[in-house]
Amino acid sequence: MMKHLLLFIAFTLAVAASRAGTVVSPNGDFQLSFSLNGKGTPVYELRYKGKTLIGESAMGVDIHAGYNLKQNFELVAQQTDSKDELWQPVMGEQKEIRNHYNEYLVQLKQDSTGFRMDIRFRLFDDGLGFRYEFPVQPILRHFIIKKEYTQFKLGEDYKAFWMPGDFDSNEYPTNTSKLSEIRGMMDQAKNEGLACQSFADGLAVQTPLMLKSPEGVYVNIHEAALVNYPAMVLNVDDKDFVLSAQLAPDYEGNKAYLQTGSVSPWRTIVASDDARDILASNLILNLNEPCIYSDTSWIKPCKYIGVWWEYFTGGGSTWAYTDELNIRIGQTDYTKLKPNGHHGANTEHVKEYIDFAAANGFDAVLVEGWNEGWEDNWAYMKEHIYSFTKAYPDFDVEELHRYAAAKGVKIIMHHETTSSVLDYERQMNDAFQFMVDHGYSAVKTGYVGKIIPRGEHHDGQWMVNHYLNVVKTAADYKIMVNSHEAVRPTGLHRTYPNWIAQESARGTEFESFNGNRPDHTTILPFTRLMGGPMDYTPGIFEGDLSVYGNNKAKLSTTLTKQLALYVTMYSPLQMAADLIENYRKYPDAFRFIKEVEVDWDETHILEAEPGDYITIARKAKGKDAWFVGGITDENAREAKVDFSFLPKGRKYRATIYADAKDADYQTNPKAYTIRTVKVNSKTVLKQRLARSGGFAISLFPAD
């Protein structure tokens, strides 16, 4: 603590001594320098362990009517602060999180206009967060953000794990290349058959962006606390290796409509020379506000199954009740239409899932395709697509409510909007009341296609406000939200823990299109999951979809890699996504899915290299039980599991689910072995993983 105190005194004196400031992180690894250059432009520089990590980078924004908050500033005041506290998330990867930072606030005034803008920096032991603040002032009140000038000057040709910058989709596969190679790969990267695409201007990539320097330093750039502001992508200068912010526009090309008293999201830089530290970082969570709810007893982790994967297998099951396409919600009488005979969300079929959930200890059953409108869900062309309170004739809401409650199982509501967002907002309160009346405590929302109101983007300010409005409104009804196709998360689940999970990336459904690469899930924890938990929907045992008839796709993993994903892909909401029949075929492997927890007291990153491999150990919340998951890319490898995370002097029974010797994701994906051994904190296990393989371990006290 004395070292930390001396460092804090040192940075306070440095700030006070000049118009510029130098701030150090509590452990001294990071050093931030701020100044105004010759044009009065705010610039910052970030050093890591004595070497420049981010070179001198410009800051500022353009606002409407030809004004900018970019240059001609004078530094009128500066303040320092420090905080070291512990807080407990409602659900999370650790029971307790340390929030320890040194803060530097600069207050700027523009000579030419008198406009004021503040920049707040927080330097943690794992990186930096900074944001723009627009204080209340007499000569500026309402204004429009036209452009943001935030830069990240890398100065070297980093290895990057990137997707095309797109304001409407996060469902691209991740590419791995040097920054200098992105331009030559971009056209092919954009060539994806997605439901909606709106590419950013110029050469741009999505955040979170994972990078690795030629010297082996890992850097992750993203944002935290995205509220009332558009999401950020990064323009790439592939000559000087400078990244710069580009914001999602509205239909007029404006970025954000703000009033003084507002703040921007935090721009975040997480860095380390050990990849494990990137996955262990809580910087983004710490930059979000504490939970706003006084009562969180209704927010609970959830493990579920559902009527979902069957729609992707090619076996014929559909969301739609009838083959009639000329549907008008509120006018069409479904009781007079001929059923198509393959509607998945029917009462008897859902009861089968409820029975299976009850028998195997699952909390809930997701049912997609229960409500009127799926036959004619024409995105962007039709505004009133669905009813969120009227079920199809073969889906008995009252009976299923009674049946599920008697079995101790919840049903998860599904609200696909097909991006007709205005209509969803009109129905939202009625829809949530309908959920309360019929025993639903969680909803999966969806935003496939182009947005209505027309001209808005999934990542724009209007939609960012919509997603949060859904979460806040749901809280009024004590409902948890799992949003799909939404803007990527930025740690807001700390403030609003009923935002239990998001998709916002390329999930398991793309396996049914032959669309995920073996390295996909070794990258996602370093990119998409930096902002929050992902509803990835793992657990597919039957990876050859040709067995169902009309789909020739094959899974990109072995069976035991699917088990490992329950540990390596954090979410307090986890689905066993495969069909019931496949779990019945492999009851010994299914045992791990039944046993694995989804909420944790401790997390230990044992091994990690983005794009190659990850091994993680986690302790179950409030239980003496541990789970380990390890995965690899297209290369077979040997993992090293050091059990020193276990309590000393205790023995545990470890059940190891592993790839068999002849396992291979392309030729023999379902070959696995299960063995049980006793381990303690001194045990070191070497475990072979097949190509795109994995292993999972459950650990319970040996006594």
Side-chain angles (χ1 to χ4, degrees), residues 303-318 342 344-346 348-369 409 412 507-516 521 535-567 569 574-596 598 629 631 655 657-660 662-674 690 692-696 698:
K303 196 157 54 173
Y304 72 105
I305 59 175
V307 181
W308 176 75
W309 182 243
E310 64 190 68
Y311 299 136
F312 297 92
T313 62
S317 185
T318 64
H342 43 78
N346 65 77
E348 294 309 311
H349 190 44
V350 173
K351 282 184 175 181
E352 293 175 7
Y353 273 83
I354 293 171
D355 289 344
F356 188 79
N360 291 280
F362 286 86
D363 303 297
V365 174
L366 167 71
V367 183
E368 294 197 7
V409 173
I412 296 177
T508 296
E509 67 192 63
F510 280 86
E511 295 279 16
S512 69
F513 317 138
N514 268 331
N516 288 348
T521 49
D535 184 28
Y536 187 73
T537 61
I540 306 299
F541 283 6
E542 180 50 75
D544 183 358
L545 301 192
S546 66
V547 302
Y548 303 108
N550 297 320
N551 191 335
K552 306 304 179 185
K554 290 189 176 182
L555 216 64
S556 65
T557 79
T558 65
L559 187 150
T560 49
K561 186 174 182 178
Q562 289 288 309
L563 298 181
L565 295 177
Y566 288 95
V567 183
M569 302 281 286
Q574 289 280 18
M575 183 181 195
D578 209 345
L579 309 184
I580 289 173
E581 63 205 57
N582 293 323
Y583 293 136
R584 287 175 173 152
K585 289 179 183 177
Y586 305 98
D588 53 353
F590 183 54
R591 179 183 175 185
F592 180 82
I593 297 179
K594 292 196 295 181
E595 290 181 343
V596 69
V598 296
I631 60 174
T655 303
Y657 304 77
D659 296 316
D662 58 345
D664 183 274
Y665 82 99
Q666 290 180 317
T667 61
N668 199 15
K670 291 185 287 187
Y672 63 90
T673 64
I674 302 175
S692 196
F695 68 93
S698 61

Go through W309 and N582 one step at a time and tell me if the side-chain contact (heavy atoms from CB on, under 4.5 Å) criterion holds. CA-CA 12 Å; W309 182 243; N582 293 323; 5.8 Å; no
Starting from the C-alpha separation in whole Å, work towards a yes-or-no answer on ring-ring contact (aromatic ring centres under 6.0 Å, His included) for F590 and F356. CA-CA 12 Å; F590 183 54; F356 188 79; 5.6 Å; yes
One pair to check against side-chain contact (heavy atoms from CB on, under 4.5 Å): I540 and F312. What are the steps and the verdict? CA-CA 12 Å; I540 306 299; F312 297 92; over 6 Å; no
Could you check Y311 against E368 for side-chain contact (heavy atoms from CB on, under 4.5 Å), going step by step and ending with a plain yes or no? CA-CA 9 Å; Y311 299 136; E368 294 197 7; 3.9 Å; yes
Between L555 and Q562, does the side-chain contact (heavy atoms from CB on, under 4.5 Å) criterion hold? Intermediate values first, please. CA-CA 10 Å; L555 216 64; Q562 289 288 309; 3.7 Å; yes
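Across every non-hydrogen atom of S546 and D544, the tightest pair is OG-OD1, 2.6 Å. A pairwise comparison of heavy atoms in A663 and A671 identifies CB-O, 3.4 Å as the closest pair. The shortest non-hydrogen separation linking F592 to A696 is CZ-CB, 3.6 Å. Of all non-hydrogen atoms in A589 and I674, the two that sit nearest each other are N-CD1, 4.1 Å. Contact record, S317 with G344: OG-CA, 3.4 Å, taken as the closest heavy-atom pair. The two residues N516 and G507 have their closest heavy-atom pair at ND2-O, 3.1 Å.
The side-chain hydrogen bond (donor to acceptor under 3.5 Å, both in side chains) search around T521 returns none, not counting sequence neighbours. Judged as a side-chain contact (heavy atoms from CB on, under 4.5 Å), and not counting sequence neighbours, the contacts of H349 are V307, E310, N346, E352, Y353.
For the pair Q574 (side chain) and M569 (backbone), a donor-acceptor distance under 3.5 Å is present. Under the 3.5 Å distance criterion, the side-chain polar atoms of N360 are left unmatched by any main-chain donor or acceptor of F362. Under the 3.5 Å distance criterion, the side-chain polar atoms of S512 are left unmatched by any main-chain donor or acceptor of T313. Side chain of S692 to main chain of S556: a donor-acceptor pair is present (N/O by atom type, distance under 3.5 Å, no hydrogens or angles). No donor-acceptor pair closer than 3.5 Å links the side chain of D659 to the backbone N or O of F695. Looking at K303, its side chain does come within 3.5 Å of a backbone N or O of I593 through a donor-acceptor pair. Remark: the backbone N or O of Y536 is paired with a side-chain donor or acceptor of T508 at under 3.5 angstrom. Counting only distance, with no hydrogens or angles, the side chain of Y665 and the backbone of A690 share no donor-acceptor pair below 3.5 Å. Between the side chain of Y657 and the backbone N or O of L559 there is no donor-acceptor pair closer than 3.5 Å.
With rounding to the nearest 0.5 Å, the separation of CH2 in W308 from OG1 in T537 is 3.5 Å. Atom NZ of K552 and atom CG of L545 lie 10.5 Å apart (nearest 0.5 Å). From L565, atom CG reaches atom CD1 of I631 across 5.5 Å, with rounding to the nearest 0.5 Å. Atom CD of residue E542 and atom CG of residue L579 lie 9.0 Å apart, to the nearest 0.5 angstrom. To the nearest 0.5 Å, atoms CG (N551) and CG (N514) are separated by 7.5 Å. Atom-to-atom distance recorded for T655:OG1 and E595:CD is 6.5 Å, nearest 0.5 angstrom.
You'll find the side chain of E511 reaches within 4.5 Å of the side chain of T557, heavy atoms only.
Counting non-hydrogen atoms of other residues, nucleotides and ligands closer than 6.0 Å to NZ of K351 gives a total above 12.
Taking the six-membered ring for Trp and thresholds of 30 and 60 degrees, Y586 and Y672 have ring planes more than 60 degrees apart, a perpendicular arrangement.
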